[in-house]
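Everything below concerns the one structure shown next.
Numbers for residues simply follow the sequence, beginning at 1.
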Amino acid sequence: MPEHRREASTERPQSQPRPRPHSPSPSDVSMRDLLASCAAAHAVSTPPEQTSAVAVAEAEERAAADERATRRDAA
(Lines give C-alpha, C1' and ligand atoms only; values in the text may rest on other atoms or scores of the structure.)
Protein backbone atom coordinates (compact mmCIF):
# COMPACT_ATOMS: atom_id res chain seq x y z
CA MET A 1 0.00 0.00 0.00
CA PRO A 2 2.81 2.52 0.55
CA GLU A 3 3.64 2.19 -3.17
CA HIS A 4 0.17 3.39 -4.07
CA ARG A 5 0.59 6.50 -1.94
CA ARG A 6 3.96 7.24 -3.53
CA GLU A 7 2.45 7.07 -7.01
CA ALA A 8 -0.39 9.34 -6.04
CA SER A 9 1.96 11.92 -4.56
CA THR A 10 4.11 12.11 -7.71
CA GLU A 11 1.15 12.74 -9.98
CA ARG A 12 0.29 16.37 -10.69
CA PRO A 13 -2.97 17.43 -9.16
CA GLN A 14 -5.66 18.33 -11.61
CA SER A 15 -5.58 22.09 -11.64
CA GLN A 16 -5.82 24.83 -14.17
CA PRO A 17 -2.56 25.96 -15.76
CA ARG A 18 -1.02 29.13 -14.40
CA PRO A 19 -1.88 32.19 -16.44
CA ARG A 20 1.12 33.50 -18.34
CA PRO A 21 2.09 37.14 -17.97
CA HIS A 22 0.71 39.21 -20.81
CA SER A 23 3.44 40.33 -23.17
CA PRO A 24 2.39 43.20 -25.40
CA SER A 25 1.76 42.41 -29.01
CA PRO A 26 2.69 44.95 -31.70
CA SER A 27 -0.89 46.17 -31.83
CA ASP A 28 -0.77 46.98 -28.08
CA VAL A 29 1.98 49.57 -28.59
CA SER A 30 1.09 52.98 -30.00
CA MET A 31 3.18 54.58 -32.73
CA ARG A 32 4.01 57.44 -30.36
CA ASP A 33 5.38 54.99 -27.78
CA LEU A 34 7.35 53.18 -30.46
CA LEU A 35 8.92 56.39 -31.77
CA ALA A 36 9.72 57.57 -28.24
CA SER A 37 11.38 54.24 -27.51
CA CYS A 38 13.47 54.47 -30.68
CA ALA A 39 14.50 58.05 -29.90
CA ALA A 40 15.51 57.10 -26.37
CA ALA A 41 17.52 54.12 -27.60
CA HIS A 42 19.27 56.30 -30.18
CA ALA A 43 20.13 58.93 -27.58
CA VAL A 44 21.57 56.34 -25.23
CA SER A 45 23.50 54.36 -27.83
CA THR A 46 24.99 57.28 -29.80
CA PRO A 47 28.03 58.87 -28.19
CA PRO A 48 28.20 62.67 -28.31
CA GLU A 49 30.23 64.17 -31.13
CA GLN A 50 33.70 65.12 -30.10
CA THR A 51 35.35 67.94 -31.95
CA SER A 52 38.92 67.14 -32.76
CA ALA A 53 41.77 69.56 -32.22
CA VAL A 54 42.17 69.78 -36.00
CA ALA A 55 38.52 70.79 -36.46
CA VAL A 56 38.84 73.45 -33.74
CA ALA A 57 42.03 74.83 -35.31
CA GLU A 58 40.39 74.95 -38.76
CA ALA A 59 37.35 76.78 -37.35
CA GLU A 60 39.58 79.32 -35.61
CA GLU A 61 41.57 79.80 -38.81
CA ARG A 62 38.38 80.40 -40.83
CA ALA A 63 37.14 82.89 -38.22
CA ALA A 64 40.44 84.78 -38.32
CA ALA A 65 40.38 84.83 -42.14
CA ASP A 66 36.78 86.11 -42.11
CA GLU A 67 37.75 88.83 -39.65
CA ARG A 68 40.70 89.89 -41.83
CA ALA A 69 38.43 90.00 -44.88
CA THR A 70 35.89 92.10 -42.99
CA ARG A 71 38.60 94.59 -41.93
CA ARG A 72 39.93 94.75 -45.47
CA ASP A 73 36.44 95.42 -46.86
CA ALA A 74 35.82 98.14 -44.25
CA ALA A 75 39.05 100.01 -45.11
Side-chain angles (χ1 to χ4, degrees):
M1 191 135 186
E3 291 178 28
H4 178 66
R5 287 184 188 165
R6 191 177 312 150
E7 287 176 15
S9 64
T10 58
E11 290 179 12
R12 286 183 67 178
Q14 295 293 332
S15 65
Q16 295 179 353
R18 264 191 262 165
R20 293 185 180 184
H22 175 69
S23 60
S25 68
S27 62
D28 290 342
V29 180
S30 72
M31 183 59 74
R32 183 178 59 198
D33 291 341
L34 180 61
L35 291 174
S37 174
C38 291
H42 178 73
V44 170
S45 65
T46 306
E49 282 189 32
Q50 294 181 356
T51 54
S52 66
V54 173
V56 171
E58 289 174 350
E60 289 173 351
E61 188 176 312
R62 281 193 302 272
D66 290 343
E67 188 177 324
R68 286 191 298 267
T70 303
R71 287 183 188 166
R72 198 174 324 130
D73 292 341

Legend entry - side chain to side chain contact (heavy atoms under 4.5 Å, CB included) evaluation trace for E67 with T70: CA-CA 5 Å; E67 188 177 324; T70 303; 5.6 Å; no
Legend entry - Under 3.5 Å: donor-acceptor pair, side chain of S37, backbone of D33: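 A pair under 3.5 Å: no.
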Donor-acceptor contacts under 3.5 Å from residues 56-63 side chains, at least two apart:
none

